[in-house]
Amino acid sequence: MRILVTNDDGVYSPGIRALARAASRFGEVRIVAPDVEQSSISAAVTSTRPLRILPARVEGFDAFRVNGTPADCVAVGAHVWGAVSIVFSGINHGLNVGTALWHSGTLAAAKQATLLGMRGIAFSAPHDEASDFSELLPWVERTIAELLPMRELGLLNVNFPENPRAVCWTRQSVHRLRGRMVPTLDPYRREHFWFAPIPCEDADEGSDRRAIEQGLVSITPLKLDLTDHDALRAHVAR
Ligand code: MN
């Protein structure tokens with residue numbers, strides 16, 4: 001089985017090496033990832049310039065860097081390699097739960113896989129610059145072993161807490177954001193801003209955010225359909 005491994009933190013991120021290491025126990029692995037960090041780029045694709053796929057040095061792995069987005073990497077990586085059955089994205093340096101799913105490049109790569117007829121699984125963990133995720137590896141392998149046979153699940157979002165104690169299935173936490181803009185000054189004393197949103201509400205029971213608070217690995221099955229079916233039914237009925 002061919003497993004394409006990508007991310008949004010860039011091809012040289014420690015997280016992608018950890019995921020490739022775990023994936024290599026389950027199939028043939030190739031890394032194809034952005035040459036620079038693309039966090040929060042969501043499902044953007046490059047449409048106004050060509051993409052290049054060039055060899056990258058990632059010890060122990062067949063690896064390539066792409067001058068594009070995570071979604072680009074999945075498209076070009078799967079095209080060049082061929083016969084890819086599943087895409088793993090991550091391990092992201094930073095959780096992707098709740099509203100972050102709208103912005104995440106990590107999840108978007110998995111989504112792009114399903115759009116192209118493959119399966120896609122996104123993996124994320126709390127942000128830690130120093131971590132090589134080695135302590136998480138048994139949990140990553142356990143999760144992959146559980147999810148791989150579930151072929152009916154096309155798109156999955158997995159988040160690891162700092163010290164997992166068990167695994168649970170969750171739904172996406174839907175909450176509003178306080179769109180906090182943090183002002184700072186640049187070296188020329190001009191004001192500029194950082195977007196630093198924080199959730200307005202506490203994590204809801206059964207959600208991905210709540211699982212992380214409880215020290216549980218969160219697995220959320222996702223679908224591509226964004227339609228509000230209740231609203232659609234209500235309007236058709238009128
Ligand atoms: Mn990232």
Side-chain angles (χ1 to χ4, degrees), residues 3-23 29-46 51 56 58 61 63-77 86-115 120-137 139-140 143-144 155-162 164 172-173 177 179-180 182 194-199 208-209 211-212 217-220 222:
I3 306 171
L4 186 79
V5 178
T6 190
N7 73 353
D8 74 359
D9 293 330
V11 69
Y12 300 112
S13 151
I16 202 168
R17 269 203 307 278
L19 183 55
R21 233 180 2 250
V29 168
R30 176 180 285 193
I31 294 174
V32 181
D35 52 5
V36 293
E37 183 174 349
Q38 301 279 331
S39 288
S40 303
I41 199 85
S42 190
V45 288
T46 302
L51 294 168
V58 180
F61 293 102
F64 298 84
R65 59 193 159 97
V66 174
N67 58 336
T69 67
D72 290 333
C73 291
V74 171
V76 72
I86 192 161
V87 172
F88 290 172
S89 181
I91 304 169
N92 188 59
H93 290 245
L95 293 168
N96 278 308
V97 291
T99 311
L101 271 62
W102 288 100
H103 311 293
S104 169
T106 306
L107 176 63
K111 196 160 62 176
Q112 180 77 331
T114 61
L115 289 172
I121 309 180
F123 299 86
S124 306
H127 182 73
D128 181 355
E129 295 279 1
S131 175
D132 65 356
F133 297 109
S134 52
E135 73 289 350
L136 266 187
L137 269 188
W139 288 95
V140 179
T143 309
I144 293 172
L155 180 59
L156 292 153
N157 186 38
V158 179
N159 282 272
F160 301 95
E162 236 153 62
Q172 178 190 10
S173 168
L177 289 177
R180 204 162 48 118
V182 181
W194 290 94
F195 181 48
I198 47 172
D208 48 8
R209 286 170 67 209
I212 295 300
V217 177
S218 164
I219 301 174
T220 312
L222 297 171

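Note that ligands are numbered from 1 as they come in the structure, with each ligand's atoms numbered from 1 the same way.
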Does any N, O or S atom in [X] come within less than 2.8 Å of the Mn ion (ligand 1)?
X      : answer
Ser39  : yes
Thr106 : no
Asp9   : yes

**Study point:** Shortest-distance N, O or S atom of Asp8 relative to the Mn ion (ligand 1)
**Key:**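 This turns out to be OD1.
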
| said: Here's a test for you: under side-chain hydrogen bond (donor to acceptor under 3.5 Å, both in side chains), which of Asp9, Asn7, Asn96 qualifies with Ser39? | reply: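 Output: one option passes, namely Asp9.
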
Is a donor on one side and an acceptor on the other found under 3.5 Å between the side chain of [X] and the backbone of [Y]?
X      : Y      : result
Asn92  : Ser124 : no
Asp208 : Gly98  : yes
His127 : His93  : yes

